[in-house]
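Just so you know, these numbers come straight off a predicted model, no measurement behind them.
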Amino acid sequence: MPFEFLSDEQVARYGRFLGEPSVAELEEFFRLDRQALVRVAARRRAETRLGWAVQWGTVRMLGVFLTEDPTAVPVGVVEFVAGPTMDGSSRPCTCCSTSPTPATGA
């Protein structure tokens with residue numbers, strides 16, 4: 001992909017996290033909706049479920065997959081995604097309320 005029209009700074013930032021995403025960004029890009037949870041559940045191993053969910057949110061946030069180093073994901077992203085990915089529960093929204101509501105398991 002040609003990058004001549006981008007500045008050196010833009011090329012350096014392309015397809016990379018620039019630090020820990022904010023809570024609002026985590027909620028917007030990495031929150032798993034029902035359809036995503038169904039797709040995650042179709043993966044057999046926990047590692048595959050987590051990896052799928054992290055890449056899903058990464059593409060939503062950055063617009064591209066992490067191809068150079070797929071493990072270059074902030075710890076906060078992995079921690080945010082790991083709960084609903086591993087146990088199938090839905091994470092309560094934390095960006096809109098001051099007191100989070102507990103997730104209920106069905």
My understanding is that only residues two or more places apart in sequence, or in another chain, count here; which of them pass side-chain hydrogen bond (donor to acceptor under 3.5 Å, both in side chains) with [X]?
X: D69; value: T71
X: R60; value: none
X: Q35; value: none

Minimal non-hydrogen separation, [X] against [Y], with atom names:
X: P70; Y: V73; answer: O-CG2, 3.7 Å
X: L66; Y: A72; answer: CD1-O, 3.7 Å
X: V40; Y: A53; answer: CG2-CB, 4.2 Å
X: A82; Y: L50; answer: CA-CD1, 3.9 Å
X: V77; Y: P21; answer: CG2-CG, 3.6 Å
X: F17; Y: M61; answer: CE2-SD, 3.8 Å

| query | Who else is in F65's hydrophobic cluster (ILVMFWY, side-chain heavy atoms under 4.5 Å, direct or via others)? | reply | V59

Can any side-chain N or O of [X] pair as donor or acceptor with the backbone N or O of [Y] at less than 3.5 Å?
X: T58; Y: V54; value: yes
X: Q55; Y: W52; value: no
X: R49; Y: A41; value: no

| message | Using the rule given for side-chain contact (heavy atoms from CB on, under 4.5 Å), can you reason through L32 versus W56, listing the C-alpha separation, both sets of side-chain angles and the distance that settles it, and then say yes or no? | response | CA-CA 9 Å; L32 302 175; W56 178 79; 3.6 Å; yes

| From CD (E79) to CZ (F30), nearest 0.5 Å | 13.0 Å

| remark: Taken to the nearest 0.5 Å, the spacing of F80 CZ from F29 CZ works out to 12.0 Å

| side-chain contact (heavy atoms from CB on, under 4.5 Å) partners of D8, counting only residues at least two apart | none

| query | Considering residues at least two apart in sequence or located in another chain, which fulfil the salt bridge (Lys or Arg N to Asp or Glu O under 4.0 Å) criterion with R34? | reply | none

| request: Using a cut-off of 6.0 Å, state whether more than 12 heavy atoms not belonging to R39 lie near its atom CZ. | output: no

